[in-house]
Structure formats: C-alpha cells, structure tokens
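Residue numbers start at 1 and run along the sequence shown.
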Amino acid sequence: MFQRDDSGVSESFDLDSLTVGDRLRLFNFTQRDDHVAYLWVLRAMNVLRAVHQLQVHPDDVASALNELAAAHDEVPSAGDLRLRAMLDNLSADNEQVLYRVEDPLRCGNLAAYRNRQSVYQFTEIGYRVYCAVEEVIGSRVQDANLSRLVFADILADFKALAAANREGDRDEVYRKLARLDSVLEDITQRAARFYLTLNDVARTTDISPETFLRYKHALLAHMSEFTAELERYAPRLAEAVYEVEDSGVETLLERAAAVDERPMMRPAARREDWRRRWMGLRQWFLAEGSAETKAAQLQGATRTAISGVIALLRQVTESRRGGVSRTTQLRHLAAWAAGAPDEQAANALVSAAFDLRSVRHLSGAHDDGDQISPRSTWWDAPGVEVSISLFRHGKRPAPGGPQPVRASRGAHARLREQQLADRAADREAATDLLDHGPHDRVLNAAETRAVLKLLTRALQARTIVAGRLRSGTGSSDVLTLRLVPSERGSQLRTETGTLHLPGFTLEIKPHGAMRRRRTETS
C-alpha cells in the first residue's frame, strides 16, 4: 500500500497513509440497512460533480435527488431521508467517503450563522470507492469483446511517440505514452472479461443450446478477425517498439516524468513509474528470453478459444440433428425409472445407466502372521500387499506356467561328494565302535556323534509293557545299539566330557549284512 524509495522515505509525501483496514471501512455504506438510499445520495453528488459543483450543501443534494426521481422510479424521496445525518455518516472518521467543511459565506443572517452551514465533497479515495461500487453494479457480461480496431491506433501512437521523442516534444511524449498505457490496459481487461464470458457460455450450453447457436457465427467471426488483425499487426508493432527504443528510452522517460502533472509524487518516483509502464508496453510486443510476448499469448488463447467453440458447435449440432442430447437422455432415463415396476428394478436401471457397482471388499493375510500381535489395531498393523489383478478385476493372479528345470550338475556333484564323505566317516566311526566297543576308552568326535544318533533312536523306540519300560534298539547299516538294563548303569567318556547312562548299559552288535560279511570272512 505504501510506496517508499530506497532510503525509506515515502514517495507520496505520506498522503496515502490509510491502512488496508481504513480503506475497507470506506465500503461501510454498502453494509448499512438503507444502503440503497446511501447509494442514491452518492449518485446525486456525482451528478453535481459532473457539472463541476464539487462542494454541495444538503439542499443541493435534495434537488439532485428530485431530478433523478423524475427519471428513475426507485429513487427515494429526499423528504423522507435524513440527508444531513447521512452525509455526516459518510464523512465520519470511520468512513471518510466525503469531506465536510463549514461555509460561513452561506449565512445571510444571524440565525443562519448560528446553524451549521456544512458543505460536502467527495474525497479522492472515496470517489474511487463509489466508482468501484457502481462498476460492480453496472457490469454486464454482454459487454465483453475483443477490440481489433485498436491495433492501428497503437501502431500510430508508437510512431508518433518515436517522432515526438526525436523532436524533443515533451508534452506529446507524455500524451502518447499515457495513451498507450491506458489502451493496452484496456485490452487486457477486455480479453479477461471476454474469455470468462466464453467459459460461462460453454458451461451453460447443455442447458440452452439455442442461445449458443443464435450467436455462434458472430462469435467465431469476432475471434477470427481479432486473431487475424493481431497476427497482421504484431510484426509492425514490434518494429515500432524498436523505433521508439532507438530514439532513446531514458530520454523519453525523463521527458514523460518531467511533464507528469502528479505533484504529490517525487520526480524519481514518477520516473520509476513511467519506466515500469514502458517495460509493460515493451513486453506486449517484444519477447524477452524464451518467454512469449503478451501479444503471442493473447493470440494463442484466442486460437484455443476458437477450437473450443468449434468443438462445442459440433457437439451441439450433432445432438440437435440426432435429436438426442444429454437433456433428452436424462429425461428418457427419468421416465423409464419412474415407470419401473418396483424400486429394485429402478435401482438396477439407474445403476446400469451410470455404471454403478457394489463395493468390492478385498482381504488378504500377511505372509508371517506370527510377527503381528493380535492386540494390534488395524491402523497400527503392517499392510498386506494386494495384487493388481485382484484389485482391478477381482481375480487372484494365476500361478503361471511351470518354470524350466535348472541343471546344477556341479553343485550336485559337490554335495554328493560331501554326502559320501560324511557317510564314509560315519561308517568308519561305526566300525571302530563295533571293533572296540563304547566303554573303557575315550570316544572321538565321530564316534560320539554315531553313538548319540543311535542312542536317540533307541530311546525313542522304547515302549512301556505291563507298567515297565522295556529295552530299546537303534540301528544303522553297520551296527545295532541296544540298551541293556543294569542297576550299576554305565558311562561313556568322550573328548568333550563324560556321558552318564544311569540304569542301563550299551550293547553293540553287527547289523544285518555286516554280521553276515564278518561270518563269511571268519
């Protein structure tokens, strides 16, 4: 809101010191109960302002209201209004739409002097507030258009600006530069309003296609002519901008700032303001870097709008030619649903029309359910991966075809060799046990492992007969180990310690083929 230069000094002599809240309070009259009456009072003051009567008395406002009442039926009667109080409210410290001064010259006698002789006038910012309200109230979307005739005037103004700068005509430089700034600002506002209106038309075409078909030719012709005119003038306008820059931009800005009639701005602030405006003008027709010019952007937006209108026209034409549109489709569907024999049939019909389906519930189990506590909530529990086919089609993924057999002959050979070596070591250990017995000596690791393996088998094979635990046996292809009951028990000494066997001793005999082989050998 405040404009300050680099030194921190306000550039507008602190005349724009109203904060945002103060400026918004200027619109307070629109929130009053009799806001329409306040608006007509301000309109009456605007009528007096138009005839150069800046300071007005309440009697002048009443006369202006009477004149407005002759042309408009909705104007309130001045006699029914408390004009002085309303004008005082508008000039109060919390609104400041009007400025009140006392005018003693109006007093013709002493009695009049004792009464107030207040006169009122718009404050500058208050008048802007009134204009903004009137602009909002009086805005019409039908006014939106793109002006193609303005490009010739812009080209002529650029050439005149370059000529005035070369000739040193400061007044002409100021006039042309100000006019170019206002014209391009007007183009921007027109384009914004036009495309917004076009979007509104596109959104409401389904409801009222007749409205669109009525103006389609004029709309397409308007946009096509604007695009063609902009494309024709864009190169010439770019050359005109270069011509102005060749005449000296800094000199041009100095001259415009020198003639600028805004006395409340410092010279440096005026120069920077005109520099900002000139850069805005330049960006309209000259590209900077990879960015497009504003003219090119406007041209692209217009072409896109033409394509959209043509597509919309095709859609509307086809729907009218076939007699089927979204409106007729919905009406027929509504008639069918209303004529359905029961509610279930109506629901099925509407569900089929809008492709509505019941909710599908998916479920799955975690790969390792033991890792998840049953007390965990579903929110804290880890998620379960759901396959894409189950999610999209409701079918679990197929297991797929058989995988090819991978031949790992080298690994198999190494495992076979290791297996044969282990068996040979076990057979050797079993043979040593068979030759030397398990008692009265220290068993090595292989012999201890063979004894423990057969002892485990013998203990697992024992059964209970008549309340007593019978002896058990454990066999291998070399020997058979038998548990013989003994009151003294027995012990096995190994390399890692002594294994106590209370209640029985071990008996080892050759097993099967080994016994026959030893018998034949002997």
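In this structure, the side chains of L146 and Y195 come closer than 4.5 Å at one or more pairs of heavy atoms. Within the 4.5 Å cutoff, no side-chain heavy atoms of V244 are placed close to those of R282. A heavy-atom distance below 4.5 Å is not found between the side chains of L499 and L443. In this structure, the side chains of L333 and L349 come closer than 4.5 Å at one or more pairs of heavy atoms. A 4.5 Å side-chain heavy-atom check between I187 and S147 finds every atom pair outside the cut-off. Using a 4.5 Å heavy-atom threshold, the side chains of L415 and Q419 count as separate. Residues I306 and S224 have side chains in contact (heavy-atom distance under 4.5 Å, counting atoms from C-beta outward). Considering only heavy atoms from C-beta on, L180 comes within 4.5 Å of L161 through its side chain.
Every residue two or more places apart in sequence or in another chain that forms a side chain to side chain contact (heavy atoms under 4.5 Å, CB included) with E495 is listed here: V442, N444, A445. Partners of E239 according to the salt bridge (charged side-chain N to carboxylate O under 4.0 Å, His left out) rule, which considers only residues two or more places apart in sequence or in another chain, do not exist here.
At least one donor-acceptor pair under 3.5 Å links the side chain of T30 to the backbone N or O of F27. A donor-acceptor pair under 3.5 Å links the side-chain atoms of R457 to the main chain of S475, judged by distance alone. Between the side chain of R482 and the backbone N or O of E507, no donor-acceptor pair lies under 3.5 Å. Counting only distance, with no hydrogens or angles, the side chain of S307 and the backbone of R303 share a donor-acceptor pair below 3.5 Å. For the pair N165 (side chain) and S247 (backbone), a donor-acceptor distance under 3.5 Å is present. The main-chain N or O of F504 is found under 3.5 Å from a side-chain atom of S490 such that the two form a donor-acceptor pair.
Summarising the local packing, NE2 of H439 is surrounded by more than 12 heavy atoms from other residues, nucleotides or ligands at distances under 6.0 Å. Within a 6.0 Å radius of CG in D380, more than 12 heavy atoms belonging to other residues, nucleotides or ligands are found. R128 CZ: 12 or fewer foreign heavy atoms inside a 6.0 Å radius. Within a 6.0 Å sphere centred on CD of Q344, other residues, nucleotides and ligands contribute 12 heavy atoms or fewer.
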Does the salt bridge (charged side-chain N to carboxylate O under 4.0 Å, His left out) test come out yes or no for E272 and R277, once each step is laid out?
-> CA-CA 9 Å; E272 289 302 318; R277 298 188 186 194; over 6 Å; no
Side chain to side chain contact (heavy atoms under 4.5 Å, CB included) between E447 and T494: does it pass, once the steps are laid out?
-> CA-CA 9 Å; E447 292 173 339; T494 65; over 6 Å; no
Dump the intermediate steps for salt bridge (charged side-chain N to carboxylate O under 4.0 Å, His left out) on D273 and R276, then the final yes or no.
-> CA-CA 5 Å; D273 182 62; R276 177 183 59 79; 2.6 Å; yes
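Between atom CE of residue M279 and atom CH2 of residue W274 there is a gap of 15.5 Å, rounded to the nearest 0.5 Å. Taking CG of L281 as the reference point, atom CD1 of I154 lies at 9.0 Å (rounded to 0.5 Å). Distance check, rounded to the nearest 0.5 Å: CG of L492 to CG of L506 gives 5.0 Å. Remark: R270 CZ to M265 CE distance equals 7.5 Å, nearest 0.5 Å. Note that CD1 of I310 and CG of L219 are 10.5 Å apart. Values are rounded to the nearest 0.5 Å. Expressed to the nearest 0.5 Å, how far CZ of R193 lies from OG1 of T188 amounts to 13.0 Å.
Side-chain rings of Y242 and F285 stay apart, their centers remaining 6.0 Å or farther from each other.
Tested against R148, the residues E229, E225, H222 include a single side chain to side chain donor-acceptor pair (under 3.5 Å) partner, E225.
Cation-pi contact between R275 and W278: absent, since separation from the ring centre below 6.0 Å together with deviation from the ring axis within 45° is not met.
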